[in-house]
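First up is the structure itself, then whatever we jot down about it.
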Amino acid sequence: MSQVKILKIIQKVCKEDVVSIAEEIQKLKQEKDAVILAHYYVPGDVQDIADYVGDSFYLSKIATKLENKSIVFAGVEFMGESAKILNPQKRVFMPDATADCPMAHMIELEDIKKVREEYPDVAVVCYINSTAETKTFSDVCVTSSNAVKIVKNLPNKNIFFIPDQNLGSYVASQVPEKNIILNPGYCPRHHQLTREQVLEAKNKYPEALFLAHPECPKSVLEEADYIGSTSGIIDYATQSDAKEFIIGTVIGVFHELKQKNPDKIFHAVSCSQVCVNMEKVTLEKVKMVLETECNEVFVSEEVRRKAMAPLKKMLEMAK
Ligand code: 13P
Ligand code: SF4
């Protein structure tokens, strides 16, 4: 049998598998009164079976409006944790309990204490990509889609922006009237992109617009035609008259970009734009947590209460 024929048989079997798992997930969801939320970075077949797909802000907002008993969060740990903090009466499950965002851990509590001592009027602004414990030491949470607006509207002159240095530096460039103190955290996927790689891609695709996530370094953002969250990037490309784009974020967004824009062309800056933690979330694991009710998210009541205040403040201030 030829290689092509074998490949076609494998593709057919895989497609049938995906369809049957998706059907089983639908049944289990009804039985358990569960809803599935998915971030744009998880694999496309998981996004396809989710009830809601979006950026971090949309998902944390929608989680507060759902009636279902359980939430399966197809994303990384801080997302499930935030959903649990905002919805203590619901059960929240993670398809993969080890899917975690490394940047969420790139802040020392000692550093927050030191900055608070040095600047008694400081507001600690915490990117939602952070642990529940870090949130308990923070004044307000932000996501990439509302950070500029929230920092602008805070009464404090001094802002300690944690944990992401790149989003912090982008906010500082947009809100020059504030004194923004940065922390050295970063997203390993976005931080490694370089201006040289962007220039090379622009050279290769001269007609393309460059759309970047604010987790990219400043030198990369300086080359961007648009800077925004994953939803922002998708909306911009969809509404733009341009036909070709270079995308400066994790390639999980290509699934929605291509679905909404079948006639447009999308390129990555480099081959390293893969979030290995988001990739851990598979259809099989979504089915498994629905079946077994394992990987439930638990947050102690004390942490939950303290971490809820900055999350609620974000939802309020982002309105
Ligand atoms: P947004 O979807 O909010 O842009 O966040 C990107 C991200 O890195 C999530 O971890
Ligand atoms: Fe964390 Fe970066 Fe993955 Fe987002 S893309 S979850 S910031 S490691």
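Indexing begins at 1, ligand by ligand and atom by atom, following the structure's order.
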(message) Quick test of your reading of the model: are Glu215 and Arg189 salt-bridged, counting only N-O distances below 4.0 Å?
(response) no
(message) Under a 4.0 angstrom heavy-atom cut-off, which atoms of ligand 1 come close to Asp55?
(response) 1 (P), 2 (O), 3 (O)
(request) Using a 4.0 Å heavy-atom threshold (strictly under), name the region of Tyr41 that reaches ligand 1: side chain, backbone, both or neither. (result) side chain
(request) Tell me, please, if Cys275 has any N/O/S atom, main chain or side chain, under 2.8 Å from atom 2 (Fe) of ligand 2? (result) no
(request) Would you indicate whether the side-chain heavy atoms of Phe93 and Val297 approach each other to under 4.5 Å? (result) no
(request) Using a 4.0 Å heavy-atom cut-off, say whether Asn129 meets ligand 2 through its side chain, its backbone, both or neither. (result) side chain
(message) Tell me the protein heavy atom at minimum distance from atom 4 (O) of ligand 1, and give that distance in Å.
(response) His213 NE2, 2.7 Å
(request) For ligand 1, note which part of Tyr58 has a heavy atom under 4.0 Å away: side chain, backbone, both or neither. (result) neither
(request) Identify the residue among Asp164, Asn166, Thr249 that makes a side-chain hydrogen bond (donor to acceptor under 3.5 Å, both in side chains) with His190. (result) Thr249
(message) Just to confirm my output: which protein heavy-atom neighbour is closest to atom 2 (Fe) of ligand 2, and how far is it?
(response) Cys187 SG, 2.3 Å
(message) Take a 6.0 Å sphere around NZ of Lys312 and say whether it holds more than 12 heavy atoms from other residues, nucleotides or ligands.
(response) no
(request) Starting from atom 1 (Fe) of ligand 2, find the nearest protein heavy-atom neighbour and note its residue, name and distance. (result) Cys101 SG, 2.4 Å
(request) Give the contacting part of Asn129 toward ligand 1: side chain, backbone, both or neither, where contact means a heavy-atom distance below 4.0 Å. (result) side chain
(message) Tell me the protein heavy atom at minimum distance from atom 8 (O) of ligand 1, and give that distance in Å.
(response) Glu215 OE2, 3.0 Å
(request) Return the residue, atom name and 0.1 Å-rounded distance of the protein heavy atom closest to atom 3 (O) of ligand 1. (result) Ser56 OG, 2.9 Å
(message) Whether Asp139 and Arg116 form a salt bridge (side-chain N of Lys/Arg under 4.0 Å from carboxylate O of Asp/Glu) is what I want to check.
(response) yes
